[in-house]
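First comes the structure, then the notes that go with it.
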2 protein chains.
Amino acid sequence: MLSKKTKYGIKALTYLGRQGNKIPVQIATISKSENISLKFLESILLTLRKNGILASKKGKGGGYYLLKEPSEIPMTSIMRILEGPISMVPCVSLNFYEKCDDCPDETACAVHKLMIQVRDNTLKIFRNTSLADLCKN
Amino acid sequence: MLSKKTKYGIKALTYLGRQGNKIPVQIATISKSENISLKFLESILLTLRKNGILASKKGKGGGYYLLKEPSEIPMTSIMRILEGPISMVPCVSLNFYEKCDDCPDETACAVHKLMIQVRDNTLKIFRNTSLADLCKN
DNA sequence: TATTACCCTACTTATTTAATAGGATAAACA
DNA sequence: TGTTTATCCTATTAAATAAGTAGGGTAATA
């Protein structure tokens with residue numbers, strides 16, 4: 001299941017992407033428009049900034065804005081920053097790999113094989129989708 | 001992320017499927033072979049039985065066995081019983097649909113559109129895979 | 001009738017998620 | 001220069017979920 005953090009983050013990024021320009025948007029504006037708790041959204045935007053997706057400006061007229069063009073931001077980046085691994089099990093993760101405690105031989109594991117398929121398909125979608133695609137319509 | 005419940009459940013079913021026949025296998029046998037806590041596995045097999053995947057026999061020589069041929073058990077069933085929804089958000093779920101609190105118009109939601117794609121792809125894999133496929137090799 | 005092995009409810013513990021609180025810092029502007 | 005505005009940042013908490021544990025009950029076999 002997608003966490004609310006990720007869901008809210010994507011919605012906020014989509015909102016910013018639809019602005020089209022790099023004029024800062026206040027957290028409160030996004031919070032109201034997308035029905036997201038202001039404080040929660042604040043922490044989400046903070047992590048997006050720390051991970052190089054957003055930039056911010058303090059004080060009057062301040063707010064958050066996208067660092068890059070929406071078309072330059074793949075969903076893989078957004079998902080990995082907000083949600084973590086794209087894979088359903090750590091043992092098939094490309095960026096967050098971890099060995100399973102119970103599995104002596106990973107290549108013989110039925111779950112492993114199945115989840116590689118799922119990962120490859122999901123990855124294909126996220127790689128072929130950028131924030132710009134979400135902003136359309 | 002896939003829960004351990006689901007992972008262990010799939011492993012246990014694969015173990016049973018590889019037996020080929022309908023001779024009951026004891027929980028303890030599977031527990032040892034697959035490195036799964038006996039008590040935890042017990043509760044997992046119980047839910048699989050209550051959901052029509054397994055049958056059991058009590059007393060000496062008892063244990064669990066598959067009710068149907070592995071080829072007759074699609075991964076969609078197993079996943080829904082053990083993990084719940086296949087979708088990443090409830091608002092795109094076919095079997096566990098729920099409206100989002102924050103979304104006034106679901107058809108306009110960027111997250112919704114993206115997650116429908118992911119769901120369709122994942123569903124395709126699970127529909128085209130049966131327990132028999134996992135038992136091969 | 002003793003043993004075996006599943007049946008079933010309840011409980012506990014750990015982890016993660018989803019916030020919330022509250023002050024610090026920096027920019028704009030009068 | 002001082003006030004307002006809005007982000008920055010750490011810490012805390014509440015709720016939900018996941019993972020595992022306990023322990024007695026029930027049915028089948030020999």
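A note on names: the letters A, B, ... follow the listed sequences, proteins ahead of strands, and every chain is numbered from 1.
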Exercise. Side-chain donor-acceptor pair under 3.5 Å between B:E83 and B:S3, yes or no?
Worked result: yes
Exercise. Looking only at atom types and distance, does a side-chain atom of B:S71 sit under 3.5 Å from a main-chain N or O of B:A132, one as donor and one as acceptor?
Worked result: no
Problem set entry | A:R49 side chain near D:dC8 phosphate (N/O to OP1/OP2, under 4.0 Å) | yes
For this session: Return the value, rounded to whole Å, for the distance between atom CG of B:L46 and atom C1' of C:dC8.
Result: 7 Å
Exercise. Do the side chains of B:I53 and B:I73 get nearer than 4.5 Å, heavy atoms only?
Worked result: yes
Seminar exercise, completed: Between CG of B:N51 and C1' of C:dC8 the distance, given in whole Å, is 15 Å
Exercise. Rounding to a whole Å, what distance do you find between A:E98:CD and C:dT15:P?
Worked result: 13 Å
Exercise. Starting at CG of B:D102 and ending at P of C:dA18, how long is that distance when rounded to a whole Å?
Worked result: 12 Å
For this session: Measure from CG on A:L41 to P on D:dC8 and round the result to the nearest Å.
Result: 12 Å
Problem set entry | Summary of protein contacts for nucleotides 16-30 of chain D, nucleotide by nucleotide, where a base hit scores B, a sugar-phosphate-only hit scores S (4.0 Å, heavy atoms) | ---SSBBB--BSBS-
Exercise. Between the main-chain N or O of B:I27 and the side-chain N or O of B:S31, is there a donor-acceptor pair closer than 3.5 Å?
Worked result: no
For this session: State which of D:dC8, C:dC8, C:dC7 makes the closest approach to the side chain of B:K50.
Result: C:dC8
For this session: Could you tell me whether B:L45 contacts a base, only the sugar-phosphate backbone, or nothing, with contacts defined as non-hydrogen atoms closer than 4.0 Å?
Result: nothing
For this session: Could you state the atom-to-atom distance from CG of B:L54 to C1' of C:dC7 in whole Å?
Result: 14 Å
For this session: Determine, for B:D102 against A:K7, whether the closest basic-nitrogen to carboxylate-oxygen distance falls under 4.0 angstrom.
Result: yes
Problem set entry | Over all atoms of both residues, closest heavy-atom pair of B:Y15 and B:S33 | CE1-OG, 3.2 Å
Problem set entry | Derivation of the side chain to side chain contact (heavy atoms under 4.5 Å, CB included) call for A:M75 and A:I10 | CA-CA 9 Å; A:M75 286 310 295; A:I10 295 173; 3.9 Å; yes
Seminar exercise, completed: Between CG of A:L82 and P of C:dT17 the distance, given in whole Å, is 12 Å
For this session: May I have the distance from A:I44 (atom CD1) to D:dC8 (atom C1'), rounded to whole angstrom?
Result: 16 Å
For this session: Name the nucleic acid region contacted by B:K7, choosing base, sugar-phosphate or nothing; use a 4.0 angstrom heavy-atom cut-off, strictly under.
Result: nothing
